2 protein chains.
Amino acid sequence: MDRVDKILAQWRKERPDLDTEAMGIMGRLNRLTTHLAREVEQVLQRHGLSSSAFDVLATLRRSGAPYRLSPGDLLSMTMVSSGTMTNRIDQLEKAGLVERVLNPDDRRSVLIALTEVGLVAVEGAAGAHVANQQRLMQAFSAEEKAELDTLLRKFLATFE
Amino acid sequence: MDRVDKILAQWRKERPDLDTEAMGIMGRLNRLTTHLAREVEQVLQRHGLSSSAFDVLATLRRSGAPYRLSPGDLLSMTMVSSGTMTNRIDQLEKAGLVERVLNPDDRRSVLIALTEVGLVAVEGAAGAHVANQQRLMQAFSAEEKAELDTLLRKFLATFE
DNA sequence: ATCATTTATCTTGACGTCAAGATACACGAT
DNA sequence: ATCGTGTATCTTGACGTCAAGATAAATGAT
C-alpha cells in the first residue's frame, strides 16, 4: 500500500466508474522520475553542473573528438526547444565550458565546442553520474533490470 | 536500435569503461516520461487545464465531499514545494476554480475548496484524462501492464 | 499569563522551459 | 546574378518551479 495505492483507493471510492490501472502505472512513473531526477541533480551539483548542463556536455563528449556539434545537432539529440538550447549554450559559454566557433562551411550556423575545462568537467561528472545511476538501481536483479528495459523500450517505441 | 541505443553505442565507443545498463534504463525512463507528459498536457489543455492545475483539482476531488483540503494537505500529496503550491492555488483562485475559505479551527491556515465551476471542470477533465492514459498504454497486454506495475512499484519503494 | 518554539502559509528572486516570431544566410530555379 | 524558399539560430515574453526566508498564529513550558 504505497502512496499511489492510496490515491487509487480514493478514486475508486469517489469514481468507481474510472478504470485506474493505467493511472496507477503513470502515477508511479511520474513519482519515480521526480525522485530520480532529484537524486541525479544532487550528484551533478557536486561537480558544479546542473542536469541540463550535463546533458549538453555529455552529448558533446560522446560524439567523440574534436567534441564539436552544431546547435541543431544538439537540438535533435536532446528533446528541448531551440530557445532552451540557445539558453543552455549561453550559460555554458559564460561558465567557460563550451565556446561558439564559426562554422566556415555555413555562416548561418556555429559549432559548439567543449573547452579544455569543459572536457575535464564532463569527464569527472560522467563517472560519478553513471555510478550514481547504478546505485539508484541496486534494488534490482539482473533479470529485473532486463525485464524493465524490455518493457520501457516497448513503451518508448510508441513515441519514437 | 532506438535513440537510446544510439546514445549507448556512442558511450561504449568513447568510454568503454562505463557500464551503460542503468544509464540505458534511466534514459528510456526520461525520454518516455517527457513524451507522456506532453501527451497528457495536450488532452488537459482541451479542458482548459494545465497538468499542474489538474493535479490540485483532482486531489481535491478525490478527497471526497465537501472537496476541501488545507494547503498543507495538498502539499503532502503532490511533490511540490510550498511556494509552488501557493502559486498554483493563486492561479486556480484567479480562474474561479477554487476559493480560499477561512479555517475556523486554526487561523494560521485556510482551506482550499473546489467551487462549483471547479468541480464541473475536474469531472470533465478526469474522464478524458483517464481515457487518454489508457490510450497511451494500448501497446501493452494485461500481463505486460501487471509486470510493469510490479517493477515500478518496487523501484518507487526505494524512495517512498 | 508570558514567551520561546513550532507550525502553516506566503513572498521573493532566480532559474529552466516553451511557443512564436525575428534575423540572417544558403541554395536552387530561372 | 537575382529572387523566393528553406534552414539555422537567436530573441522575447510568459509560465512553473524551487530554496530560502518572512509573517502570523498556535502550542507548551514555566
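Treat the numbers as computed from the prediction; the structure is a model and nothing was measured.
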Next item on the list: Decide side chain to side chain donor-acceptor pair (under 3.5 Å) for B:D73 and B:S70; before the verdict, give the C-alpha distance in whole Å, the side-chain angles of both, and the deciding distance to 0.1 Å.
Entry: CA-CA 5 Å; B:D73 292 337; B:S70 71; 3.2 Å; yes

Next item on the list: Any chance you could lay out the side chain to side chain donor-acceptor pair (under 3.5 Å) test for A:E41 and A:S51, step after step, and finish with the verdict?
Entry: CA-CA 6 Å; A:E41 198 74 42; A:S51 54; 2.7 Å; yes

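- With hydrogens and angles disregarded, no donor-acceptor distance shorter than 3.5 Å links the side chain of B:Q91 to the backbone of B:A53.
- Of the residues in residues 101-109 of chain A, A:R108, A:S109 come within less than 4.0 Å of DNA chain D through at least one heavy atom, sorted by number.
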Item checked: Verdict with reasoning, B:N87 to B:T84, per side chain to side chain donor-acceptor pair (under 3.5 Å) -> CA-CA 5 Å; B:N87 184 46; B:T84 297; over 6 Å; no

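- Formation of a donor-acceptor pair under 3.5 Å by the B:T20 side chain with backbone atoms of B:M23 is not found in this model.
- Among residue pairs with one or both ends in residues 113-160 of chain B, those qualifying as ring-ring contact (aromatic ring centres under 6.0 Å, His included) are A:H35-B:F159, A:F140-B:F155, A:F155-B:F140, B:F54-B:H129; sequence neighbours excluded.
- Straight-line distance from the CD atom of B:Q45 to the C1' atom of C:dA19: 11 Å, rounded to whole Å.
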Note to self: If you apply the rule salt bridge (Lys or Arg N to Asp or Glu O under 4.0 Å), what do you find for A:R31 with A:D2, and how did you get there?
What the structure shows: CA-CA 11 Å; A:R31 295 190 71 94; A:D2 66 9; over 6 Å; no

Check: How would nucleotides 10-18 of chain D be written as a contact map, 5' to 3', with B for base contact, S for sugar-phosphate-only contact and - for no contact, using protein heavy atoms under 4.0 Å?
Finding: BB----SBB

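- At a threshold of 4.5 Å between side-chain heavy atoms, the hydrophobic network of Ile, Leu, Val, Met, Phe, Trp and Tyr places A:L92 and A:V110 in one connected group.
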